[in-house]
Each structure stands twice: as C-alpha cells, then as structure tokens.
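Computed from heavy atoms alone, side chains included, the values below leave out hydrogens, waters and symmetry copies.
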Amino acid sequence: MSVRLSDVIEVLDEAYPPRLAESWDSVGLVCGDPDEAVGSVTVAVDATPAVVEEVPEGGLLLAHHPLLLRGVDTVAADTPKGALVHRLIRTGRSLFTAHTNADSASPGVSDALADALGLAVEGVVEPARVAGDLEKWVVYVPRENAEAVQEVMFEAGAGHIGDYSHCSWTVAGIGQFLPHEGASPAVGRVGSVERVAEDRFEVVAPARARGAVLAAMRAAHPYEEPAFDIFALVPPPGDAGLGRIATLPRPEPLRDFVSRVDAALPRTSWGIRAAGNPDAPVSRVAVCGGAGDSLLAAVAGAGVQAYVTADLRHHPADEHRRASEVALVDVAHWASEFPWCEQAAGVLRSHFGEALSVRVCALRTDPWNIGGSQS
C-alpha cells in the first residue's frame with residue numbers, strides 16, 4: 001500500500017494539532033509534495049546536514065525544531081539553511097515540523113520526558129489557552145420572523161454542535177427602539193418609541209462562516225438595523241498545555257532523583273545540574289521539555305518539590321530559589337526533547353504499521369560538544 005505525504009501529515013496534525021502552536025512559531029510542511037508517496041519517516045529533534053544524510057531518498061524528516069523559525073528572504077543554496085532545503089528537494093526528501101504544538105499536545109514532548117523518567121503524569125502546568133474556532137451569535141428578532149431567520153443561519157453554517165444540527169436556544173422579551181429622521185423602520189414610525197415582542201436566540205457557528213452567516217441573517221431579518229452580538233468562544237481547559245505535573249512511584253531524596261534524571265536521558269556535554277537540598281524528599285515534580293524558565297512562577301505554586309527542564313538562566317533561577325523551595329533540575333535542551341522522537345514514531349507506527357518505515361535518528365544534535373569540569 002502506497003502512503004502519501006498528505007496521509008502522514010493528517011496523522012501528525014491530529015496528534016499535534018497546529019492550533020496548539022504558539023503565535024510566533026512555524027510548524028507544518030517546510031518542503032515536499034503532499035500528493036506524492038513517501039517511502040519512510042525519520043524522526044529527529046533538529047534538521048541538521050548530518051541528520052538529513054540519514055533520511056532515505058523519497059523519505060520524510062519529521063523534526064521537532066523548525067528549520068526556518070525566523071523570517072527569511074532567501075533559501076539560496078549558498079546559505080547554510082538554503083543549502084539544506086535544496087538538498088532535501090533535489091533528492092525527493094520532505095521536511096515537516098511539529099514544535100510548540102507538540103509541546104502542548106497530549107501526549108506531547110513533556111509527557112515523553114515524564115515517561116522517560118519513570119513518572120506518572122497527573123496534570124498540566126500551564127493549560128493551553130487556544131482561541132476556539134466557534135463563535136456564539138445572539139440575535140434579536142420579532143417573534144413572527146424568528147424561525148425564518150434561524151433557518152437561513154442554519155443553512156449558512158450555524159447551529160452545529162457535534163453530531164447535531166439546528167441547535168439554538170431562545171427566550172422571549174420586549175425590544176424597544178426610537179426611529180429617527182432618515183430611518184425606514186419595518187415596524188412603527190419615525191419619532192415614536194416602539195416596543196415589539198421579540199425572541200432572543202443564540203446559536204454557535206464556525207468563525208470561518210462569519211461572513212456567510214451575517215449575510216444570511218441580514219437578508220432574512222425584517223429590521224433595517226438588526227440587533228445582534230458575536231462572541232468568540234474559548235474552549236475549556238483540558239489536558240493540553242505546556243509542562244506536566246507528575247509523581248514518582250515512591251518518594252526519594254533529591255540527590256537520588258537527580259541521579260534518576262541523569263541515568264534516564266542521553267549523554268550530553270551539558271550534562272545535568274541541580275539546585276536544592278540534596279536530602280529533601282521528592283514525590284511530586286513538574287517537567288517541561290525544552291526551555292522552561294517561563295513556567296517558573298507556575299511551578300512555584302504547583303505543589304511540587306522539584307522541576308525538571310532545560311536552558312535555565314542564572315537570574316530567573318536565582319530569583320526562583322530565593323522565593324521558592326521547589327528544587328531545580330536543569331538538563332540539556334536536546335536531551336529533554338529527544339524522548340519525544342520515539343513517541344512521535346510510535347504514533348506513526350501504530351497508524352501505518354508495516355506500510356511505512358519509521359525510525360528515530362540516534363544522532364546527537366545538541367550544539368554543545370565539548371565538556372569540562374572544575375574542582
């Protein structure tokens with residue numbers, strides 16, 4: 001069975017929804033033809049020349065970090081990233097990125113990190129706050145016209161909730177208005193306050209259908225100036241978001257927990273460092289794959305004894321330690337995200353089975369390659 005690139009993208013977008021990506025991020029297909037067949041998938045944290053060399057011709061490289069995160073005005077072959085793009089295209093290779101959408105997805109990058117450390121996830125540090133695709137419409141219309149106005153709005157795309165259509169809620173009331181000179185009121189006359197028995201009805205509609213729903217409502221509404229409101233709907237907090245709260249199988253001293261982290265993650269020149277009382281018991285921790293000092297305030301109030309993340313800077317870490325007893329465990333950025341590669345590979349294997357070859361690139365793409373020590 002031939003697997004198209006678009007088939008793989010569909011599975012990845014379901015596992016790591018693009019809507020979860022941060023506004024500044026760049027995720028999705030970088031190069032490749034969605035209609036063409038893909039022979040294999042290689043998963044890595046970074047798209048480097050050495051990693052690309054391990055991708056078979058006609059294969060897809062699924063990378064966590066975007067190759068073109070910042071705005072570019074050239075992918076000329078005489079630039080480092082441009083040369084990589086040219087190499088991919090010339091050999092029929094494709095590149096797809098799942099970055100902060102994979103960070104926030106459930107399961108995602110932090111779930112993979114927690115699993116690698118032998119932890120049981122029980123919550124999210126910072127729930128995703130994603131603007132929903134749905135809007136709520138509140139329309140005021142004379143009672144005798146309400147059914148007709150609702151019907152055209154339903155036909156334009158409003159009123160769908162799950163497997164149900166024509167969904168609405170209505171309450172009766174009295175509308176009041178005073179037509180001024182220049183108005184052409186459908187009810188009443190200029191200069192006279194009018195009170196009309198009206199229905200207030202509410203429906204939901206996709207934001208993308210706003211124009212069609214508005215045009216339909218205006219066309220069917222008897223008033224010259226219909227009264228209506230449109231509210232953006234935000235989905236309730238779920239299990240998506242940045243960072244995870246997790247528990248250990250049994251409490252252990254911080255020094256043992258640090259050893260646990262050190263043993264679980266791949267070796268890097270950066271290694272591992274921690275700040276806290278070595279003898280303090282640890283039973284509940286927070287984890288965040290990648291740079292996580294933006295979550296320090298949330299972690300301080302999360303009821304945990306330790307926080308595992310990467311790229312902790314001196315001043316944020318110092319301020320945190322002054323104000324909180326939550327120990328800090330700082331690891332290499334690449335090492336904290338590498339467990340996600342196997343998770344993403346598992347998503348594709350479970351869907352495509354033997355129809356698609358999926359492997360994790362074992363190359364260490366951490367930029368630091370020389371370590372040292374001080375006595």
Novice: So, do Leu68 and Lys81 sit near enough that their side-chain heavy atoms are less than 4.5 Å apart?
Specialist: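 Yes. Closest side-chain heavy atoms under 4.5 Å.
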
Novice: Got a sec, which residues hit side chain to side chain contact (heavy atoms under 4.5 Å, CB included) with Pro367, two or more places apart in sequence or on another chain?
Specialist: none

Novice: In the hydrophobic cluster built from side-chain contacts under 4.5 Å, what are the other members alongside Trp368?
Specialist: Trp270

Novice: Do you know the tightest heavy-atom contact between Trp340 and Ala102?
Specialist: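 Minimum heavy-atom separation between Trp340 and Ala102: NE1-CB, 3.8 Å.
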
Novice: Would Phe177 and Val196 count as a side chain to side chain contact (heavy atoms under 4.5 Å, CB included) if you check the C-alpha gap in whole Å, the side-chain angles of each, and the deciding distance to 0.1 Å?
Specialist: CA-CA 9 Å; Phe177 51 88; Val196 182; 3.8 Å; yes

Novice: So, for Val3 and Ala355, which heavy atoms are closest and what is the spacing to 0.1 Å?
Specialist: CG2-O, 3.8 Å

Novice: Hey, are the side chains of Asp13 and Phe96 touching, using non-hydrogen atoms and a 4.5 Å cut-off?
Specialist: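 Yes; the side chains approach each other to less than 4.5 Å.
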
Novice: Do Ser184 and Glu225 come close enough that some side-chain heavy atom pair is under 4.5 Å?
Specialist: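 A side-chain contact is absent here, since even the closest heavy-atom pair is not under 4.5 Å.
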
Novice: Does Trp334 belong to the same Ile/Leu/Val/Met/Phe/Trp/Tyr cluster as Val331, with side-chain heavy atoms less than 4.5 Å apart forming each link?
Specialist: no

Novice: So Glu36 and Ser2, side chain to side chain contact (heavy atoms under 4.5 Å, CB included) or not? Walk me through it.
Specialist: CA-CA 10 Å; Glu36 290 187 353; Ser2 177; over 6 Å; no

Novice: From Ser110 OG over to Ile245 CD1, what is the distance, rounded to the nearest 0.5 angstrom?
Specialist: 10.0 Å

Novice: Between the side chain of Ser324 and the main-chain N/O of Ala300, is any donor-acceptor distance below 3.5 Å?
Specialist: no

Novice: Enumerate donor-acceptor pairs with a distance under 3.5 Å from any side-chain N or O in residues 112-125 to protein atoms, sequence neighbours excluded.
Specialist:
{"from": "Glu122", "atom 1": "OE2", "to": "Arg284", "atom 2": "NE", "distance (Å)": "2.6"}
{"from": "Glu122", "atom 1": "OE2", "to": "Arg284", "atom 2": "NH2", "distance (Å)": "2.8"}

Novice: Ignoring hydrogens and angles, tell me if any N or O in the side chain of Tyr307 forms a donor-acceptor pair with the backbone of Gly292 under 3.5 Å.
Specialist: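 It does hold such a pair.
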
Novice: I need the minimum non-hydrogen distance between Ala332 and Asp366, along with the two atoms involved.
Specialist: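 Scanning both residues, the minimum pair turns out to be CB-OD1, 4.1 Å.
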
Novice: Does any pair with a residue in residues 342-352 pass side chain to side chain donor-acceptor pair (under 3.5 Å), and if so which ones, sequence neighbours excluded?
Specialist: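 Residue pairs passing side chain to side chain donor-acceptor pair (under 3.5 Å), neighbours aside: Tyr16-Gln343, Glu342-Arg349.
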
Novice: Rounded to the nearest 0.5 Å, how far apart are CD of Glu135 and CD1 of Ile230?
Specialist: 6.0 Å

Novice: Backbone N or O of Ala216 within a donor-acceptor pair of the His221 side chain at under 3.5 Å?
Specialist: no

Novice: Is there a continuous path of hydrophobic side-chain contacts, each under 4.5 Å between heavy atoms, that joins Val282 to Leu265?
Specialist: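 Same hydrophobic cluster.
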
Novice: Give the cluster check for Val258 versus Val285: same hydrophobic cluster or not, with ILVMFWY residues linked at side-chain heavy-atom distances below 4.5 Å.
Specialist: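 Yes, because Val258 and Val285 connect within a single hydrophobic cluster, where side-chain heavy atoms sit under 4.5 Å apart.
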
Novice: Give the minimum heavy-atom separation between Leu296 and Pro316, together with the two atoms involved.
Specialist: CD1-O, 3.6 Å

Novice: About how many Å separate CH2 of Trp137 and CZ of Phe228, when rounded to the nearest 0.5 Å?
Specialist: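 Here the interatomic distance stands at 6.0 Å.
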
Novice: Report the distance from atom CD of Glu14 to atom CD1 of Ile9, rounding to the nearest 0.5 Å.
Specialist: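 Atom-to-atom, Glu14:CD and Ile9:CD1 are 14.0 Å apart.
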
Novice: Check whether any side-chain heavy atom of Arg4 lies under 4.5 Å from a side-chain heavy atom of Pro34, and answer yes or no.
Specialist: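 No, every pair of side-chain atoms sits at 4.5 Å or beyond.
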
Novice: Minimum heavy-atom separation for Pro226 to Arg218, with atom names?
Specialist: CD-NH1, 3.7 Å

Novice: Any salt bridge (Lys or Arg N to Asp or Glu O under 4.0 Å) involving residues 299-325? Give me the pairs, sequence neighbours left out, ordered by first then second residue.
Specialist: Asp293-Arg313, Asp318-Arg322

Novice: Do Val347 and Val11 have side-chain heavy atoms sitting under 4.5 Å apart?
Specialist: yes

Novice: Which residue pairs satisfy the side chain to side chain donor-acceptor pair (under 3.5 Å) criterion with at least one member in residues 191-203, sequence neighbours excluded?
Specialist: Lys136-Glu202, Tyr140-Arg200, Arg143-Asp199, Gln176-Arg195, Ser192-Glu194, Glu198-Tyr223, Arg200-Glu202

Novice: Rounded to the nearest 0.5 Å, what's the gap from OG1 on Thr97 to CG on Leu69? Could you check?
Specialist: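 The distance works out to 9.5 Å.
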
Novice: Run the side-chain donor-acceptor check on residues 50-67: report pairs under 3.5 Å with partners two or more places apart or on a different chain.
Specialist:
{"from": "Glu53", "atom 1": "OE2", "to": "Arg87", "atom 2": "NH1", "distance (Å)": "3.1"}
{"from": "Glu54", "atom 1": "OE1", "to": "Arg359", "atom 2": "NH1", "distance (Å)": "3.4"}
{"from": "Glu54", "atom 1": "OE1", "to": "Arg359", "atom 2": "NH2", "distance (Å)": "3.1"}
{"from": "His64", "atom 1": "ND1", "to": "Ala98", "atom 2": "O", "distance (Å)": "2.8"}
{"from": "His64", "atom 1": "NE2", "to": "Asp103", "atom 2": "OD1", "distance (Å)": "3.4"}
{"from": "His64", "atom 1": "NE2", "to": "Glu337", "atom 2": "OE2", "distance (Å)": "3.2"}
{"from": "His65", "atom 1": "ND1", "to": "Asp46", "atom 2": "OD1", "distance (Å)": "2.6"}
{"from": "His65", "atom 1": "NE2", "to": "His333", "atom 2": "NE2", "distance (Å)": "3.3"}
{"from": "His65", "atom 1": "NE2", "to": "Glu337", "atom 2": "OE1", "distance (Å)": "2.7"}

Novice: Cut-off 3.5 Å, no hydrogens considered: what does the side-chain donor-acceptor table look like for residues 147-166, sequence neighbours left out?
Specialist:
{"from": "Gln150", "atom 1": "OE1", "to": "Ser168", "atom 2": "OG", "distance (Å)": "3.0"}

Novice: Can you pull out every side chain to side chain donor-acceptor pair (under 3.5 Å) where at least one residue sits in residues 258-267? Sequence neighbours excluded, please.
Specialist: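 Checked against side chain to side chain donor-acceptor pair (under 3.5 Å) - neighbours excluded - the pairs reaching residues 258-267 are Glu252-Arg260, Asp262-Arg267.
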
Novice: State yes or no: do Leu29 and Leu356 share one hydrophobic cluster built from I, L, V, M, F, W and Y residues joined by side-chain heavy-atom distances below 4.5 Å, directly or via other members?
Specialist: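 Leu29 and Leu356: one cluster.
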
Novice: When you compare the side chain of Val45 with that of Cys341, does any pair of heavy atoms fall below 4.5 Å?
Specialist: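 Sidechains of Val45 and Cys341: in contact.
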
Novice: Counting C-beta onward and ignoring hydrogens, is there a side-chain heavy-atom pair between Val8 and Phe352 closer than 4.5 Å?
Specialist: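 Yes. Closest side-chain heavy atoms under 4.5 Å.
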
Novice: Kindly write out the residues that satisfy side-chain hydrogen bond (donor to acceptor under 3.5 Å, both in side chains) with Asp78, not counting sequence neighbours, or none if the list is empty.
Specialist: none

Novice: Taking only residues at least two apart or on different chains, which pairs with a member in residues 22-34 satisfy side chain to side chain donor-acceptor pair (under 3.5 Å)?
Specialist: Asp25-His99, Asp25-Thr100

Novice: Thr309 vs Leu295, test: side chain to side chain contact (heavy atoms under 4.5 Å, CB included). Steps then yes/no.
Specialist: CA-CA 10 Å; Thr309 190; Leu295 300 183; over 6 Å; no

Novice: First locate atom OG of Ser94, then atom CG of Leu5, and finally report the distance between them rounded to the nearest 0.5 Å.
Specialist: 4.5 Å

Novice: May I ask you to decide if Asn101's main-chain N or O and Ser104's side chain share a donor-acceptor pair within less than 3.5 Å?
Specialist: no

Novice: Out of curiosity, does Leu12 fall in the hydrophobic cluster containing Val38 (side-chain heavy atoms, cut-off under 4.5 Å, transitive links)?
Specialist: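 Yes, Val38 connects to Leu12 through the hydrophobic network.
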
Novice: Find out whether Val329 and Ile272 are in side-chain contact, i.e. whether some heavy atom of one side chain is under 4.5 Å from a heavy atom of the other.
Specialist: yes

Novice: Do Thr79 and Val72 pass the side chain to side chain contact (heavy atoms under 4.5 Å, CB included) test, and can you show the C-alpha distance, the side-chain angles, and the key distance before you say yes or no?
Specialist: CA-CA 11 Å; Thr79 64; Val72 297; over 6 Å; no

Novice: Test of understanding: with side chain to side chain contact (heavy atoms under 4.5 Å, CB included), list the residues that count as partners of Cys31, not counting sequence neighbours.
Specialist: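 Side chain to side chain contact (heavy atoms under 4.5 Å, CB included) list for Cys31, sorted by chain: Leu88, Ile89, Leu95.
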
Novice: For Ala205 and Val213, which heavy atoms make the closest approach, and how far apart are they?
Specialist: CB-CG2, 4.2 Å

